[in-house]
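Structure first, commentary second.
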Amino acid sequence: MKKFLVFLFVVSMFSLFFAQQLPPGIPRNETFIADNLTGRAANPGNFNIWATWVWNDRGIQNLLLEPLWCVEYATGEIINALAAESPKYNSDFTELTIKLRKGVYWSDGVPFTADDLIYTIELAKNTPGFGYNSQMQQVKEIVKVDDYTVVIKLNAPNSRFHTYFLDRWGALRPLPKHVFEKVEDPLTFTFNPPVGTGPYVLHSYDPGGYWTLWQRREDWDRTPTGMLYGMPQPKYVLFITYGGPEKQVLAMAQHQLDAADLTLEALKAVLNRVKTARAWRKNFPWTVNIDPCVTGLHFNTAKEPFNNPEVRWALVFAIDIVEYAANAFDGAVTLSPIHIPLTTAYYNWYFTKLEDWLKNFEIDLGNGEKFKPYDPEAGFRLAEYARKRGYPVPDNPELIKRIFGPGWWKYAPDVAAKLLEKNGFYRDEQGRWHLPNGELWKITITTGTNPAHPGYRNAFAAAQAWKKFGIDVTVQTTDAAATLDQRGEFEVSTDWPAAEPWGGHPDLFRVLEPFHSKYIRPIGENAPWGNYARWSNSEMDRIIDEIQKTAWGDTKKLIELGVEGLKLLVKEMPTIPTFNYPGVIAWDEHYWTNYPGAENMYAQPYHHWPNFKYMLPFLKPTGRK
C-alpha cells in the first residue's frame, strides 16, 4: 500500500512538473494547456479513432481531424468543413451527392480527395468491428464523379444518411487512404504517427497516458480550419490529466492551466483565487447553458407503477424545481420543461412555438377536475432564489427567462396526491405512500459515481424531493449505471431524458427516433440510447416516420413535426427534463483572451469538443511571458 501511495505521488508530481516545465523549445506563452476531460489515456500510443476509443478528446477529434460537416451549436449553424457545401439528395432520398472542399492537404503533404472519402466508407462497410460498420451497410454503390465529387447510392431511402458524417462528438471522419491501404489489419493498426486534415500534428505524448502535445502545422492554411477562420493562435496545445479538482485549481492559480471542466465548488475557488480567471458567464450562474443536452430523470415504463403516465406526472408535481435546482447546482442552471435544451437556437425554433400551448395544457384529475400544470414563473422564482443568495441577477424579464429558464412545472403535492389516490395509492398515518397492493412504495434511483456530474446531482435532488413527499427513496451509485440503464435494470435513472438534438439544426429526428416502437426491447436486452425508458406510442411512430421522409432542408415542416413530438412527450412524460446541462468550465486569461463567453458567443466553449479547432483562430495572446 505504501509503495502504491508513493507511486501516485510521483505520478501527480510528474504531471505538475511537466506543465510547469514544458519541453525545451516549447514556450509557455505560445502554448494552450487544457485539462483532459476523459482523463488519462490507457492506450496513449494508439490514435486509430475509427477502430476503438482512444481518448479522442485529447486532441484527435478536436485538433488533428476534420469531418465533412460539424455542428456549431453556439450559433445554431452547420459548418462545411471537408465538404464544400450541404449534401444534395435526389427526390426519393436514395442518392446523395457530396461536394468536397478543394485545396485541403493531409498533414504529410498528400492532397485530400474523393478517393479518401470513398475508401473510408468502403473500409467501414467491409470491416466488421470498425466504426460505423453497421450504418455503412446502407450503401449500395459509390460513384466518383471527379476528384471532389462523390455520389452515394443507398439500398433504401434515407434522408438523414449524411448525418453519419456530421460531427457532434462523433462522426465517421474521413481517414487517409494512402496510409490505411498499406495496413494489414485496420482494427489493430495504431495510426502512429497520426496523419490528419486538421490544423495540428502530434508533437509528443506521455507513454503513461497523462499528456499529449500538439504543434500547429506550418501549412495550416491548407486545412478547413485555416481556410474558414484563419491561423490558430496557439503554436502548441497540450492536453494533460491533472487529477482531482483541487489539483486543477492549484494549476490554474499558478497559470499552468488555461481551460478546465470543474465542479461548481472548484469553479468558485478558481474565481476567488485567480484574478485572470473567468467562466462562461462573468457573473452567476457562470455555467454554460448552451450545451445541446438536457438533463433529468428516466422512468422505466416497463415496470409498474412507472408504466402509468398519471403516476409519472404525480412524481413531477412532487418536485419543487427551485428547491431541486438549489440542491443540485446552487441554482446555477437553465430550466427546461420540454425534452430538448433551451439553447438560443432551440428556444427560438421550438419553445416560442410551444409556450402558449404549455400555458393552456391541462391534466385530467378525475371527477371533472382539470389542472394546468405549467408554471411560467418558475424561472423568475429561481432568479429570486439567486438574488436572495446575494448573486447578481438582471432585472430584464426576457434576460431572466434566457438565463434561468422560461418556466417549468408547478410544485403541487396536493395534485400529486389526487392523481395517486385516483390510481389506488394511499398514505398511512405517518404520511408514507403505499402502492395499491398495500406495500410501502420504495423507489431506487440509479446513477453514476461522479459527484460533479449533473446525473448524480439530479439523483440526490429528486430523492430529497420525493422523500419530502412521503416516498421511501434510495439512490444507487454505481460504475455500472450505463449498463443497467441500457438493459432496463432500473426503476428511475438519471440518464438524459431524451437523446441530444444536433444543436445547430432544427431536425429532431435524433431526439425522437429512439422512441419508435420498432426499437422497444424487453428488460435484460439493450435498448437504444435516448429511450432506456422503453416507452412507445403509435402517434410518435407516425411523427418519426414523417420526419424520416422530410428533407433535411425543409425546416418549416421539420419544426412542425418536432413540435408535435415534443407535445406528445409532455403529455406522456416518460422521462422528466429538468435543466440544460450546466457546463462548469473555467478559463485563465493570463496568456490567452477572447474566449467565447456568453457575451461573445461566436463558438462553443469546450476544449474537448471537435470544433475546438474552430475557436483557436479567435484567441488573442496577451503577450505575457
Side-chain angles (χ1 to χ4, degrees), residues 48-54 56 60-61 65-71 78 81-83 86-90 92-98 100 114-144 150-177 180 186-187 189 191 292 486 498-505 507-521 525-532 544-545 547-552 610:
N48 188 349
I49 198 172
W50 299 272
T52 186
W53 170 256
V54 289
N56 305 345
I60 304 172
Q61 68 177 11
L65 298 175
E66 294 270 8
L68 291 183
W69 302 277
C70 189
V71 173
I78 303 297
L82 288 173
S86 300
K88 299 292 189 295
Y89 286 87
N90 65 353
D92 66 356
F93 306 113
T94 56
E95 292 184 10
L96 70 156
T97 300
I98 298 175
L100 299 176
D115 293 332
D116 294 299
L117 177 58
I118 293 170
Y119 184 81
T120 300
I121 295 172
E122 291 178 340
L123 184 63
K125 179 180 179 180
N126 299 325
T127 310
F130 212 65
Y132 291 85
N133 168 259
S134 60
Q135 293 89 336
M136 292 305 108
Q137 302 309 313
Q138 300 176 43
V139 176
K140 180 180 180 180
E141 182 185 0
I142 310 174
V143 177
K144 177 182 176 181
V150 173
V151 175
I152 301 175
K153 299 183 179 182
L154 305 174
N155 292 314
N158 184 351
S159 62
R160 300 293 180 278
F161 184 80
H162 74 281
T163 60
Y164 298 131
F165 305 90
L166 175 59
D167 209 348
R168 193 210 166 285
W169 193 285
L172 180 53
R173 305 174 182 97
L175 52 76
K177 175 179 183 288
F180 273 79
L187 292 175
F189 177 50
F191 193 44
Q486 192 173 28
E500 304 158 5
W502 289 111
H505 194 281
D507 177 46
L508 292 190
F509 185 73
R510 193 172 191 265
V511 176
L512 302 178
E513 188 197 20
F515 293 111
H516 200 290
S517 60
K518 67 184 178 183
Y519 297 126
I520 296 299
R521 297 292 182 270
E525 293 185 15
N526 290 343
W529 178 70
N531 189 17
Y532 296 156
I544 295 167
D545 292 342
I547 292 177
Q548 193 162 19
K549 293 185 291 186
T550 301
W552 176 261

Problem - Ionic contact status for E513 with R160, cut-off 4.0 Å - result: no

Point-to-point distance, once rounded to the nearest 0.5 Å, from [atom1] of [X] to [atom2] of [Y]:
X    : Y    : atom1 : atom2 : answer
I78  : C70  : CD1   : SG    : 8.0 Å
R510 : I547 : CZ    : CD1   : 14.0 Å
D545 : L512 : CG    : CG    : 11.5 Å
N56  : N48  : CG    : CG    : 10.0 Å
L117 : K144 : CG    : NZ    : 11.5 Å
N158 : Y89  : CG    : OH    : 6.0 Å

Think R173 forms a cation-pi with W50, using NZ or CZ under 6.0 Å from the six-ring centre and within 45 degrees of its axis? no

Report yes if the side chains of [X] and [Y] come closer than 4.5 Å at any heavy-atom pair, otherwise no.
X    : Y    : answer
I60  : L65  : yes
Y119 : I142 : no
S159 : F509 : no
Y164 : Q138 : yes
D167 : V71  : no
L166 : L68  : no
W69  : I98  : yes
T120 : E122 : no

Contact summary for [X] and [Y], nearest pair of heavy atoms:
X    : Y    : result
T163 : W502 : CB-CZ2, 3.3 Å
L187 : P128 : CD1-O, 3.5 Å
P514 : A499 : CG-CB, 4.3 Å
A81  : P67  : CB-O, 3.1 Å
P292 : E500 : O-CB, 3.3 Å

Sequence neighbours excluded, the answer for side-chain hydrogen bond (donor to acceptor under 3.5 Å, both in side chains) partners of N531 is none

_Aromatic plane relationship, H505 with W552 - under 30° parallel, 30 to 60° tilted, over 60° perpendicular_ = parallel

Residues V150, T97; criterion side chain to side chain contact (heavy atoms under 4.5 Å, CB included); working and verdict = CA-CA 6 Å; V150 173; T97 300; over 6 Å; no

Pair I121-V139, side chain to side chain contact (heavy atoms under 4.5 Å, CB included): steps then yes or no = CA-CA 8 Å; I121 295 172; V139 176; 4.0 Å; yes

*Show your working on side chain to side chain contact (heavy atoms under 4.5 Å, CB included) between L123 and M136 and close with a plain yes or no.*
CA-CA 9 Å; L123 184 63; M136 292 305 108; over 6 Å; no

Return yes if some donor-acceptor pair links the side-chain N/O of [X] with the main-chain N/O of [Y] below 3.5 Å, else return no.
X    : Y    : answer
D116 : P174 : no
Y132 : A171 : yes
T94  : P157 : no
R521 : Y532 : no
N90  : E95  : yes

Would K153 and V143 satisfy side chain to side chain contact (heavy atoms under 4.5 Å, CB included), going step by step from the backbone distance to the final call?
CA-CA 8 Å; K153 299 183 179 182; V143 177; 4.0 Å; yes

Practice prompt. Measure from the ring center of F180 to the ring center of F191 and say whether it is less than 6.0 Å.
Written response: yes

* **K140 atom NZ: more than 12 heavy-atom contacts under 6.0 Å** => no

